[in-house]
Student: 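Quick one: the structure is below, questions incoming.
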Amino acid sequence: MKTAISPTRAENFPEWYQQVVAEADLAVNSPVRGCMIIRPNGYGIWERIQKLLNDRIMETGHENLYFPLFIPLSFFSKEAEHVEGFAKEMAVVTHHRLKMIDGELKPDPDAKLAEPLVVRPTSETIIGHHFRESVKSWRDLPLLWNQWANVVRWEMRTRLFLRTAEFLWQEGHTAHATAEEARAETMKMLGVYVDLCDNVLAMPTISGEKPAHERFPGAESTFSFEAMMQDGKALQAGTAHYLGTHFSKAQDIKYQNKEGGLDYCHTTSWGVTTRLIGGMIMTHGDDDGMRIPPRVAPRHVVILPIQRGAPEDEAVLAYCESLAAELRGQAYAGEPVRVFVDRKDERAVDKRWAWIKKGAPIICEIGGRDVASGNISFYRRDKLREGEKLAMNSLPCAQFIAGMSGLLAEVQAQLFADAKKRLDANIVKDVDSFDALKAYFAGKAGENEDSFRGWLLVPWKRPEGEAGETLLETLKQLKLTTRNVPFGQEGKPGKPCIFTGEPADEMVLIARSY
RNA sequence: CGGAGUGUAGCUCAGACUGGUAGAGCACUGCUUUCGGGAGGCAGGGGUCGUGGGUUCAAAUCCCGCCACUCCGACCA
């Protein structure tokens, strides 16, 4: 069968991913190593995520504000774990002027900054600085802040959307009087994210707490939600951290309590990034390209006029425009239906495949015959093929328009259902020995590393000290990672830890990961 | 930062061993035939062959230096 993307997912998943990003016109590599140019089709998705997530962040009582891109180097030296976590990947600004030296533009040696500035890899330190300035009394708390920004982490190896040197995100930072309140905030925002993933991105996740060695540098506890990609690997879709008083002690963020004494604030931070787009590609994409869930699709319906260089073309175009206008009068998920009439001077069939690859949920093709019959011919991107052929649907115009809201909801639900089914079906819970774990990931006869492997949920005893190091090394050699300890576990498993044989504390998710 | 590889048209690459007028496919432009299912023909535009030096009558090709990128590792949202 001829597919729009080559290789297919089964043939070579990583290469398939790169091809989809290119063919769906989502992003390209930039002249700057590791940074991406996000093309309109990709940025349009990000704008949808921004809007719908921002609404939810506002609904939960937060305020948006903005901090500088540059952070004084000295700010990082205050929290030891934090600086250790990020030191290896920070971009540093050292000069403020260029000068022509021997015919070449170079940083002017006479224009060296007294203190180097770090391009933010995350903003805990500079926001903490302003927390300190903003908090005097218990009456000032809580502070519930969020900013939309870009950050830079100088990664060695990058992949479009999944790991880039610069990426876009939202970072929430809050300060509270008590640990209970800060912990509740962390969980609340994790819930917001999970809701976004389920109901907007149609990307189901497993949320839980990260083991100690996977915590955010400087966090007391880190929570993640993990999505399963179509090759079985886990993708950390986002995180929320309870930072305890680590940062407030390092940065002296204190408030006067009701009794008149001074207490340290408890802080949190939480974020999701443009990586979500990469997650959606690997969750919903098929061998014909991207499939965008309607909630985040820049265009719900794309209308392709079939032009024949004949007098009837005008009537076809007019018909398309009036159909578009009527569709725009319809609402889906509380917003007008987003319609685009693609009038580009190309054959309809070529444009059709372009939009299939871009992932538009509904693609209509309108020719003279449709104008005459009053029927609309369209493809659903979630159910594109019937066997090898494309599945063309047909509905009377009025019915098509009136049913659009329901149709989009159906597409959205279908994408989620498919992803949820895959996630639920591929978490293996009955592996109870280390040998069985190795056998599961090793595969059958050969070394087929790219074949699908799901996740294991296994009993373990939380490793401490040297035992932890050993376990990590063991997993690393198998190219495995601990993802998180899923929520909702009641009591201890009542089974032995598969690594040590001692009584297990809890069940932990183990998977290959991005 | 280790290991490997590659730099020639927008993209994928051939040409290099054996020095002698810069090539193909796709994409792009124009014309044309097709026209409801990823079309075909004709004609075009486009490259200081990564960069600096050397050898030579002559260098994409041989020699030396440098730079960049990609892939595989370690690190990570």
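What you are looking at is a predicted structure, and each value in this text was computed from that prediction instead of being measured. Sequence lines set the chain letters: A, B, ... in the order given, protein chains first and strands last, and positions in each chain run from 1. All values below were derived from every heavy atom in this structure, side-chain atoms included, with hydrogens, water molecules and symmetry-related copies excluded.
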Student: Tell me: CZ of A:R159 to C1' of B:G73, nearest whole Å?
Tutor: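 Atom CZ in A:R159 sits about 15 Å away from atom C1' in B:G73.
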
Student: Taking atom P in both B:U70 and B:C64, what distance in whole Å separates the two?
Tutor: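 Each nucleotide's P atom is 26 Å from the other's.
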
Student: Under 4.0 angstrom, heavy atoms only, what part of the nucleic acid is A:T164 near: base, sugar-phosphate, or nothing?
Tutor: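 If one applies the 4.0 Å heavy-atom cut-off, A:T164 turns out to touch a base.
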
Student: Just how far, in rounded Å, is C1' of B:A77 from CG of A:L160?
Tutor: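 Those two atoms, CG and C1', are 15 Å apart.
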
Student: On the six-membered ring of A:F441, is A:R453 placed so that its NZ or CZ lies under 6.0 angstrom from the centre and within 45° of the ring axis?
Tutor: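 No; the conditions do not both hold, so A:R453 does not lie above the ring face of A:F441.
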
Student: When the C1' atoms of B:C49 and B:A16 are compared, how many Å lie between them, rounded to an integer?
Tutor: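 Each nucleotide's C1' atom is 11 Å from the other's.
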
Student: Where does the angle between the aromatic ring planes of A:W270 and A:H62 fall among parallel (under 30°), tilted (30 to 60°) and perpendicular (over 60°)?
Tutor: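 Rings of A:W270 and A:H62: perpendicular, as their planes differ by over 60°.
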
Student: Please compare A:A4 and A:G85 by the position of their nearest nucleotide in RNA chain B and report the one closer to 5'.
Tutor: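 Residue closer to the 5' terminus by nearest nucleotide: A:A4.
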
Student: Step through it carefully: locate the ring centre of A:Y379, locate the ring centre of A:W355, and say whether they are under 6.0 Å apart.
Tutor: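 Centroid separation for A:Y379 and A:W355: 6.0 Å or greater.
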
Student: What is the distance, to the nearest angstrom, from the CG atom on A:N29 to the P atom on B:G10?
Tutor: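 After rounding, the reported distance stands at 17 Å.
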
Student: Step through the shown structure and confirm whether more than 12 heavy atoms of other residues, nucleotides or ligands are within 6.0 Å of CZ on A:R422.
Tutor: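 Counting other residues, nucleotides and ligands, CZ of A:R422 exceeds 12 neighbours.
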
Student: Checking all strands, does A:S394 fall into the base, sugar-phosphate, or nothing category for heavy-atom contacts under 4.0 angstrom?
Tutor: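 Contact class for A:S394: none.
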
Student: I'd like the C1' distance from B:A59 over to B:G20, given in whole Å.
Tutor: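 It comes out at 10 Å once rounded to the nearest Å.
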
Student: Paired with B:U18: which nucleotide, if any, by Watson-Crick or G-U wobble criteria at under 3.5 Å for both distances?
Tutor: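 Answer to the pairing question: none, since B:U18 forms no Watson-Crick or G-U pair.
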
Student: Mind jotting down which residue pairs meet the salt bridge (Lys or Arg N to Asp or Glu O under 4.0 Å) criterion with at least one end in residues 360-377 of chain A? Sequence neighbours excluded, please.
Tutor: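 The answer is A:R352-A:E365.
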
Student: May I ask which nucleotide in the shown strands pairs with B:C28, Watson-Crick or G-U wobble, both distances under 3.5 Å?
Tutor: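 Partner of B:C28: B:G44.
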
Student: Tell me whether the OP1 or OP2 atom of B:G73 has a side-chain N or O from A:K476 closer than 4.0 Å.
Tutor: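 Checking B:G73 against A:K476, no side-chain N or O comes under 4.0 Å of OP1 or OP2.
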
Student: Once you round it to whole Å, what is the distance between C1' of B:A74 and CD of A:Q477?
Tutor: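 Those two atoms, CD and C1', are 13 Å apart.
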
Student: Considering only the C1' atoms, how many Å lie between B:U12 and B:C1, rounded to the nearest integer?
Tutor: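 Going atom to atom, C1' in each nucleotide, I get 32 Å.
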
Student: If we call it a pair only when both distances are under 3.5 Å in a Watson-Crick or G-U wobble match, what pairs with B:C1?
Tutor: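 Answer to the pairing question: B:G73, which forms a Watson-Crick or G-U pair with B:C1.
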
Student: Take A:G34 and A:Q236, find for each the nucleotide of RNA chain B with the closest heavy atom, and name the residue whose nucleotide sits nearer the 5' end.
Tutor: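 Upstream on the strand: A:G34.
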
Student: Do you know the tightest heavy-atom contact between A:G468 and A:P463?
Tutor: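 Heavy-atom minimum between the residues: CA-CB, 3.5 Å.
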
Student: B:G25 and B:A9: how far apart are their P atoms, nearest whole angstrom?
Tutor: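 Result for the P pair: 16 Å, nearest Å.
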
Student: So A:K357, base contact, sugar-phosphate only, or nothing? Heavy-atom distance under 4.0 Å.
Tutor: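 Counting heavy atoms under 4.0 Å across all strands, the contact made by A:K357 includes a base.
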
Student: Report the residues that fulfil ring-ring contact (aromatic ring centres under 6.0 Å, His included) with A:H82, sequence neighbours left out, ordered by chain and then residue number.
Tutor: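 If we apply the ring-ring contact (aromatic ring centres under 6.0 Å, His included) test to A:H82, skipping adjacent residues, the hits are A:F76, A:F86, A:F216, A:F247.
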
Student: Which of the following nucleotides, B:G73, B:C71, B:A77, is nearest to the side chain of A:T273?
Tutor: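 It is B:A77.
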
Student: Which one is paired to B:G7, where only Watson-Crick or G-U wobble pairs with both distances under 3.5 angstrom count?
Tutor: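 Its partner is B:C67.
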
Student: Measure from CE on A:M229 to P on B:A77 and round the result to the nearest Å.
Tutor: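 To the nearest whole Å, that distance equals 16 Å.
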
Student: In Watson-Crick or G-U wobble terms, both distances under 3.5 Å, what is the partner of B:G37?
Tutor: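 No nucleotide pairs with B:G37.
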
Student: CH2 of A:W154 versus C1' of B:C1: gap in Å, rounded?
Tutor: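 Computing the A:W154:CH2 to B:C1:C1' distance gives 16 Å.
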
Student: How close or far is atom P of B:A77 from atom CZ of A:F86, stated in whole angstroms?
Tutor: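 Rounded to the whole Å, the gap is 7 Å.
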
Student: At under 4.0 Å between heavy atoms, which parts of nucleotides 25-37 of chain B does protein reach? Answer with one letter per nucleotide, 5' to 3': B base, S sugar-phosphate only, - none.
Tutor: ----------BBB

Student: Between B:A77 and A:F167, is there a base-stacking contact, meaning the centre of the base's six-membered ring lies under 5.5 Å from the residue's ring centre while the planes stay under 30° apart?
Tutor: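 Yes, A:F167 stacks on the base of B:A77.
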
Student: Give the rounded distance in Å between these two atoms: CD of A:E473 and C1' of B:G73.
Tutor: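 Checked: the CD to C1' distance equals 13 Å.
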
Student: Does either side chain, that of A:S269 or that of A:H173, offer a donor lying less than 3.5 Å from an acceptor on the other one?
Tutor: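 Short answer, no.
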
Student: Using the C1' atom in both, what is the distance from B:G15 to B:G54, to the nearest Å?
Tutor: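 Those two atoms are separated by 24 Å.
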
Student: So does A:V272 get a backbone contact from the side chain of A:Q170, meaning a donor-acceptor N/O pair under 3.5 Å?
Tutor: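 At least one qualifying donor-acceptor pair exists.
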
Student: Please state the C1' separation for the pair B:C31 and B:U21 - nearest whole angstrom.
Tutor: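 Between the two C1' atoms, the distance is 30 Å.
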
Student: Taking the C1' atom in each of B:A60 and B:G19, what is the distance between them to the nearest angstrom?
Tutor: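 The same atom, C1', in both gives a distance of 10 Å.
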
Student: Considering every strand and a 4.0 Å limit on heavy-atom distances, what is the contact class for A:L162: base, sugar-phosphate, or nothing?
Tutor: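 Result for A:L162 = base.
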
